[in-house]
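Note that the structure is predicted; figures quoted are calculated from it, not measured.
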Amino acid sequence: MTTAHKARLTLVSHHLCPYVQRAAIALAEKGVDFERVTVDLADKPAWFTAISPLGKVPLLIVRNGESAETVLFESAVILEYLEETETARPLHPADPLSRARHRGFIEFGSAILADLWGLETAADAGGYEAAQAKLREKFARVEAELGDGPFFAGGQFSLVDAVFAPIFRYFDVFDTIAATGILDGLTRIARWRAALAARLSVAGAVAADYPERLKAFLKAHDAHLLRLAA
């Protein structure tokens, strides 16, 4: 990758975190060189807890020169920083109203992730079905917002795409276990999902062992989804 960025960037990551994936996708789309360091959130190293105010990833460590170092936390902040500093390849619309709408759907993507957490950690049918219904309703709203694609805003890849690509990646794994029915009949979302999966930035945002790690997470949480495989 090539970059006009004068700072050296390190993205502090976790193998499964969808918020980390957002930042990794944006960095790749903008052609920004960066280092990636992965931490185990179940056994956080001391250096990580010292620089992460919330104890979460992603972090973006921005180094200017030999000693000046700033740590950015929260994916939304990191994405906005990249938009303001890497202007040659914008991922937000230029129009203020369209940009505000995109920011709204970025937040909507975060709400979907909260429901996905409920789905993948549900240990019984009741919890699973409640999360399933919430997700179905939210994705129906997204379906109604989509045009002909291939991306959220048509032909231009945006930060909304960077947010939803990790969401669809969950379903790539879920679909190998059991049918959730959540995305059934949503034809525009199906096209969008396929276009994002084919994007190099999206494919490169996780390691090759992502599916196995997600399945191990489901097993560790005694996920009801795994019982549907039978």
Side-chain angles (χ1 to χ4, degrees), residues 1-39 57-62 72 75-94 99 102-103 105-106 109-110 112-113 116 139 142 146-176 183 186-215:
M1 292 182 290
T2 60
T3 179
H5 206 296
K6 296 180 181 179
R8 291 180 295 124
L9 303 178
T10 299
L11 181 65
V12 183
S13 308
H14 178 267
H15 293 289
L16 295 177
C17 179
Y19 296 94
V20 165
Q21 293 176 52
R22 296 178 178 186
I25 292 168
L27 285 160
E29 288 288 337
K30 287 177 173 290
V32 179
D33 288 320
F34 66 101
E35 176 189 15
R36 191 161 178 172
V37 175
T38 301
V39 297
V57 291
L59 302 177
L60 187 69
I61 303 174
V62 183
L72 303 180
S75 64
V77 173
I78 292 169
L79 294 180
E80 292 296 333
Y81 169 75
L82 294 174
E83 275 298 285
E84 291 174 1
T85 57
E86 298 292 338
T87 57
R89 302 184 187 183
L91 296 178
H92 260 330
R99 191 161 62 246
H102 277 224
R103 286 183 172 126
F105 274 94
I106 288 172
S110 296
I112 288 176
L113 284 173
L116 272 170
F139 278 114
V142 175
L146 294 174
D148 295 331
F151 304 119
F152 181 79
Q156 183 71 33
F157 189 95
S158 71
L159 287 178
V160 179
D161 299 294
V163 165
F164 274 82
I167 290 171
F168 295 136
R169 199 190 309 276
Y170 280 101
F171 289 93
D172 294 341
V173 178
F174 294 166
D175 288 349
T176 68
L183 302 180
L186 303 179
T187 57
R188 291 176 178 174
I189 279 182
R191 289 197 300 268
W192 187 27
R193 177 183 175 185
L196 293 178
R199 197 81 171 178
L200 290 178
S201 63
V202 172
V206 295
D209 63 353
Y210 174 89
E212 289 71 30
R213 286 183 178 275
L214 182 54
K215 289 176 182 177

Report task. Return the set of residues passing side chain to side chain donor-acceptor pair (under 3.5 Å) with E212 (not counting sequence neighbours), or none when no residue passes. Result -> none
Report task. Assess whether side chain to side chain contact (heavy atoms under 4.5 Å, CB included) is satisfied between F157 and L196, documenting all intermediate values. Result -> CA-CA 9 Å; F157 189 95; L196 293 178; 3.8 Å; yes
Query raised in the report: So which heavy atom on V62 is nearest to which on L72, and how close?
Result: CG2-CD1, 4.2 Å
Report task. Using modelled atom types only, decide if a donor and an acceptor are shared between the side chain of T87 and the backbone of E84 within a distance under 3.5 Å. Result -> no
Query raised in the report: Can you name the one residue among I106, D161, L159 that meets side chain to side chain contact (heavy atoms under 4.5 Å, CB included) with R22?
Result: I106
Query raised in the report: With sequence neighbours excluded, what pairs up with H102 under the side chain to side chain donor-acceptor pair (under 3.5 Å) test?
Result: none
Query - Check: F152 ring centroid to F164 ring centroid under 6.0 Å - result: no
**Report entry** Salt bridge E83-R89, side-chain N to carboxylate O under 4.0 Å
**Finding:** no
Query raised in the report: Sequence neighbours excluded, which residues qualify as side chain to side chain donor-acceptor pair (under 3.5 Å) partners of T38?
Result: none
Report task. Hey, could you give me each pair passing salt bridge (charged side-chain N to carboxylate O under 4.0 Å, His left out) that has a residue in residues 198-211? Not counting sequence neighbours. Result -> E29-R199, D209-R213
Query raised in the report: Does F174 have its ring centroid less than 6.0 Å away from the ring centroid of F171?
Result: yes
Report summary line: Applying side chain to side chain donor-acceptor pair (under 3.5 Å) to R191 and not counting sequence neighbours gives none
Query - R193/D172 salt bridge by N-O under 4.0 Å criterion - result: yes
Requested in this report: Determine which pairs satisfy salt bridge (charged side-chain N to carboxylate O under 4.0 Å, His left out) with at least one residue from residues 162-171, sequence neighbours left out, and list them in order.
Outcome: none
Query - Heavy-atom pair with the smallest gap, counting every atom of V20 and P58 - result: CG2-CB, 3.7 Å
Query raised in the report: Between F151 and W192, is the gap from one ring center to the other below 6.0 Å?
Result: no
Report task. For the pair S13 (side chain) and L11 (backbone), establish whether a donor and an acceptor sit closer than 3.5 Å, ignoring hydrogens and angles. Result -> yes
